[in-house]
Amino acid sequence: MNYFYAAPMEFGRLLLTGFFVLCVLGVSGKELQRSAPCKFPAIYNFGDSNSDTGGISAAFDPIIAPYGDSFFHKPAGRDSDGRVLIDFIAEHLRLPYLSAYLNSLGTNYRHGANFATGGSTIRRQNETIFENGISPFSLDIQFVQFLQFKARTADLYNQAKTRNNLPRPQDFSKALYTFDIGQNDLSAGFRKMSFDQLRAALPDIVNQLATAVQRIYQEGGRTFWIHNTGPIGCLPLNFFYNHNPPPGYLDQQGCVKSQNDMAVEFNKQLKDRVIKLRAELPEAAITYVDLYAAKYGLISNAKNEGFADPLKVCCGYHVNYDHVWCGSKAIVNGSEVYGASCASPSQYVSWDGVHYSQAASQWFANHILNGSLSDPPIPIIQACQRH
């Protein structure tokens, strides 16, 4: 036997055998490529208090203790006892926690930036933060901030001797762009509009979110991870001043049915708009994430998941019609009362009546990052793959 030719012949047989096995199993090269994990160098987040990591706290009054105590052991700009959902996304992708764009000290933007601020809306609201807590940094303003961030970092990167805290210009096209916003548009609508008026406004609200995605795409962004809005009718805040709701007002879980119905309609229109965006932005990979299902799923099954009553609040003093917000002090019946934390925040779904506990956010992360509640049903580590 000519050993010089035998080895190549044997190698050829192995290649043919491997190719045959792949064909039998129905695994194409394209499918193998799709199954490979994405390597996101950065995350750019747009949203409200559900994903704010210090923006509104830097721009206005800082968030105070006991916020942050469960993980950071001090206030960390988050409306929670610890981490919020975007923190768990960063951990899952093995990236650092996002610095808030508005935070001027101790920031590092090498792996992304967070433009979310507590109280933000998709549409601009004609009111100030001092009236009802609505942030001036609506989604269109967050996009303007992103544009400025992208332009200025390009200049600084070319000039700076030390670039460790700056994003690499080439990373913007490879980054993951996340959206978690819309809840405050609904809450403002419930306060200022009739249900018919708010329902009529939903297409415009959804289109403005889509416009932000289109603009980021024009700036080179290609991978988008979009959360729908949660069951706003399940926030314990709804029951602080309404102790005796009329028949039919609540659903089977004790949540405000009409508010949740509006959130479901918003989500339906958002999902339809995402489908259209995929056709409009052919190079984009856009994942729609049913965060509503995750949140309502936990609320519906809290006891079996090891949580207390999901409509009970961990932090704050809420007795009858006397309310002292988490971390605040007030005089109640002639005595000073402090809105303290409960002893075991990890057993609560709601942290302060509006925002979720760290434990709840971790539960949500565990149920969305694997892709089981996504369209298309892919895990976040493969979100860069177009389907």
Side-chain angles (χ1 to χ4, degrees), residues 22 25-47 50-51 53 71 78 82-99 108-116 146 167-168 170-181 212-213 216-217 219-228 230 270-271 274-275 277-278 281-295 297-298 356 358-387:
L22 288 176
L25 294 176
V27 181
S28 68
K30 192 172 184 179
E31 287 169 328
L32 286 172
Q33 185 181 6
R34 281 182 176 175
S35 65
C38 309
K39 295 181 180 179
F40 297 114
I43 303 170
Y44 292 98
N45 183 65
F46 303 83
N50 288 307
S51 60
T53 56
F71 183 79
R78 292 154 172 83
R83 291 161 291 180
V84 293
L85 186 51
I86 192 67
D87 293 317
F88 292 107
I89 290 175
E91 284 183 7
H92 189 78
L93 297 177
R94 299 183 179 181
L95 293 173
Y97 299 137
L98 294 183
S99 293
N108 187 327
Y109 300 115
R110 168 50 64 95
H111 297 288
N114 194 354
F115 300 91
F146 168 75
R168 291 177 287 257
Q170 66 269 26
D171 286 350
F172 284 98
S173 62
K174 304 171 186 174
L176 177 67
Y177 292 85
T178 54
F179 291 80
D180 192 332
I181 194 167
V213 173
I216 292 171
Y217 181 86
E219 289 297 314
R222 289 297 180 264
T223 305
F224 301 90
W225 181 266
I226 302 174
H227 294 171
N228 67 10
L270 176 60
K271 186 174 184 180
V274 166
I275 291 170
L277 275 173
R278 292 187 186 123
L281 311 176
E283 295 181 14
I286 310 175
T287 306
Y288 169 89
V289 184
D290 192 357
L291 189 54
Y292 182 103
K295 290 180 175 180
L298 177 56
Y356 291 97
Q358 172 180 256
S361 291
Q362 185 163 24
W363 194 95
F364 303 148
N366 291 341
H367 287 75
I368 66 168
L369 298 182
N370 61 8
S372 61
L373 296 175
S374 298
D375 176 36
I378 55 172
I380 194 168
I381 61 169
Q382 295 176 3
C384 64
Q385 309 293 347
R386 292 193 298 278
H387 289 258

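Phe71 approaches Gly82 most closely through the heavy-atom pair CB-CA, 4.0 Å. Considering all non-hydrogen atoms of both residues, Ser361 and Leu85 come closest at O-CD1, 3.7 Å.
Judged purely by atom type and a 3.5 angstrom limit, His111 has no side-chain atom pairing as donor or acceptor with the backbone of Ala42. The closest donor-acceptor contact from the side chain of Thr223 to the backbone of Ala285 lies at 3.5 Å or more, if one exists at all. A distance-only check finds no donor-acceptor pair linking the side chain of Asp180 to the backbone of Gly47 [under 3.5 Å]. Remark: side-chain polar atoms of Ser51 are not paired, donor with acceptor, to backbone N or O of Ile86 under 3.5 angstrom.
Relative ring orientation between Trp363 and His367 is described as parallel, the plane-to-plane angle staying below 30° on a 0-90° scale split at 30° and 60°. Under the 30°/60° scheme for interplanar angles, the aromatic rings of Phe179 and Phe46 are found to lie parallel.
Under the 4.5 Å side-chain criterion, counting only non-hydrogen atoms from C-beta, Asn50 is not in contact with Leu291.
In this structure, Phe172 has its ring center under 6.0 Å from that of Tyr44.
The CG atom of Leu369 sits 10.0 Å away from atom CD1 of Ile381, with the distance rounded to the nearest 0.5 Å.
When the side-chain hydrogen bond (donor to acceptor under 3.5 Å, both in side chains) test is applied to Thr178, the partners found at least two apart in sequence or on another chain are Asn45. Partners of Arg222 by salt bridge (Lys or Arg N to Asp or Glu O under 4.0 Å), not counting sequence neighbours, listed by chain and number: Glu283.
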